[in-house]
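Just so it is clear, the model here is predicted, and its values are computed rather than measured. Just so you know, ligand 1 is whichever comes first in the structure, and atom 1 is the first atom listed for that ligand. Numbering starts at 1 and runs along the sequence shown.
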Amino acid sequence: MGGQGDQVTVIGPRSTGEAGGAGEVGGAGEAGEGEGVGGVGRRRVAGLLAAGALGAFAGTTGGMIASGRRDPGAGPTTVPLSDVGARTIPYHGVNQPGIVLPFRPQARAWIGAFDLEPGTTSDAVKGLLRRWTVASRALMAGQPLGSVEDQAVAAIGLAADPLVVGVGPAALTVTVGFGPSLFERTGWPRPDALTELPAFPGDQLDPARSGGAIGVVVAADDAVIVAHAARLLTRLATGTAHPRWTMSGFNGARGSGPDSATPRNLMGQVDGTNNPRPDEPGFATKIFVGDDQPAWLRGGSYLVIRRIRMLLDDWDQLSLGDQERVIGRRKDTGAPLSGGDERTPANFGRAEIPADAHIRHAAPAFNEGAAMLRRGFSFVDGNESGLLFLAWQADPRRGFIPVQRRLSEQDALRRFIRHEASALFAIPGGVSEGRYLAQGLVES
Ligand code: HEM
């Protein structure tokens, strides 16, 4: 299976609307400690490029959509649906697999935060990380857990697991991070940037659905695959850690539109347009932790999670024009109100983008360059709807924190949203063959 190799496996025809390009992704990674690991990372990036990663990445410069217009005549050029299950993303690499994707964001996600059981030792956490490494690699490759060599992992799986055998992993990724309390409990040295996020004006956070010692993001293009992987990972934690909170989210399904199209959120907006792109200079330094950090964090990142409720009944009261002025972009094409198409840089000198527009206060230009990679998932939970906001960055003090401080005071959108839960996790670098997640930290 593709997950065993260095290349992204794409079975069947790929989107013709994807464009590639050379770029720097990654950083050195903990893998630098192991043999040949940097090479794995580079090959992985090459694989991503070959698979059209840069074009498909969160709807960046895809050929079909490059103009920002969705040409109805062109029709979707995406892969056939039969391809959905067959896609695999390799587990090994300089970065963990769920951050920069070779395809559009997956359609389904499960996010779980775990707390350690009372009395859990750092040795027990080490065991958990080893089990999760084995299980994640197998599941991402479409391999039943019952067939892996590790006995503890095999014991909870079926060798002919019907939820894996004959069903593709559907671009499954498992990404794991550590919250501040893990370091308190284990005594491991906590990275400076990993502190509790400050309180922001307007926050209405539920502590029971915030924080956590270990965070896990499971994403795939199929809800059954996600649920199955989440359950097995949770079982493998038994005795060591238990779920503190879990949340589920979704994006548009693969095949419902061109692979290169930027996703839409539940307010109907094109969301993700001005994300940093892997093919732009400095991408890695914005998103991935650099060489000045401990080896286990190199090639890693920081993940901010916010459950943001959308007050859609209030939002619906606005006219289309007012909704567009709240963001500063057109709702149909995602183009900035200063003119052009989706990819045209916003001209903040023009009055069409109001003084309190969301993009004016969120843009790096007004936040001393603060940048983050936003790849969230929508949620619907009873009569509550909103965005599971996920933002990856090299350092939250130069990413989410300054931007949210400004947004919480000045953004026109703040009247239509409510931050209800929050977490910050340090995301270890990727895992090279023969090693396990955060081995450099655990064995330091
Ligand atoms: C439910 C809440 C939110 C919604 C619906 C929302 C929606 C949007 C939309 C539609 C755009 C324009 C398209 C794009 O470039 O992606 C945008 C841009 C952006 N948003 Fe948000 N957003 C939300 C929350 C946040 C939060 C909490 C942050 C960070 C603290 C944030 C940071 C940004 C940034 C950095 C940009 C790009 C600005 C630029 O450079 O043009 N957003 N958002």
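Proximity of N367 to ligand 1 is not established, as no heavy-atom distance is less than 4.0 Å. A346 does not count as a contact of ligand 1, since none of its heavy atoms falls under 4.0 Å from the ligand. For the ligand labelled ligand 1, residue R329 lies inside the 4.0 Å heavy-atom shell.
In this structure, the ring of W132 has its center less than 6.0 angstrom from the ring center of F114. Here the two rings, on F366 and F348, have centers that are under 6.0 Å apart.
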message: The test is salt bridge (charged side-chain N to carboxylate O under 4.0 Å, His left out); show your working for D259 and R254 and say whether it passes.
response: CA-CA 7 Å; D259 259 16; R254 182 178 308 285; 3.3 Å; yes

message: Run D322 and R325 through salt bridge (charged side-chain N to carboxylate O under 4.0 Å, His left out) and show every step you take.
response: CA-CA 5 Å; D322 283 345; R325 280 184 284 278; 2.9 Å; yes

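Considering both main-chain and side-chain atoms, V403 never comes within under 3.5 Å of ligand 1 through any nitrogen or oxygen pair. Among the atoms of H419, none of the N or O lies under 3.5 angstrom from an N or O of ligand 1.
Under a 4.0 Å N-O distance rule, the pair K331/E324 does not qualify as a salt bridge.
The closest protein non-hydrogen atom to atom 35 (C) of ligand 1 is A362 O, 3.4 Å.
When the heavy-atom distances from atom 40 (O) of ligand 1 to I353, L407, N274 are ranked, the shortest goes to N274. Of all the listed residues (M267, R264, H358), H358 holds the heavy atom that lies closest to atom 11 (C) of ligand 1.
Neither the backbone nor the side chain of N275 comes within 4.0 Å of ligand 1, counting heavy atoms alone. Contacts between T273 and ligand 1, counted as non-hydrogen atom pairs separated by less than 4.0 Å, involve both the backbone and the side chain. Proximity of Q269 to ligand 1, defined as any heavy-atom pair under 4.0 Å, is confined to the side chain (atoms from C-beta onward).
Cation-pi check for R87 over F103 is met; the charged atom lies under 6.0 angstrom from the ring centroid and within 45 degrees of its normal.
A perpendicular orientation is assigned to the rings of F416 and W315, their planes being inclined by more than 60° (bins at 30° and 60°).
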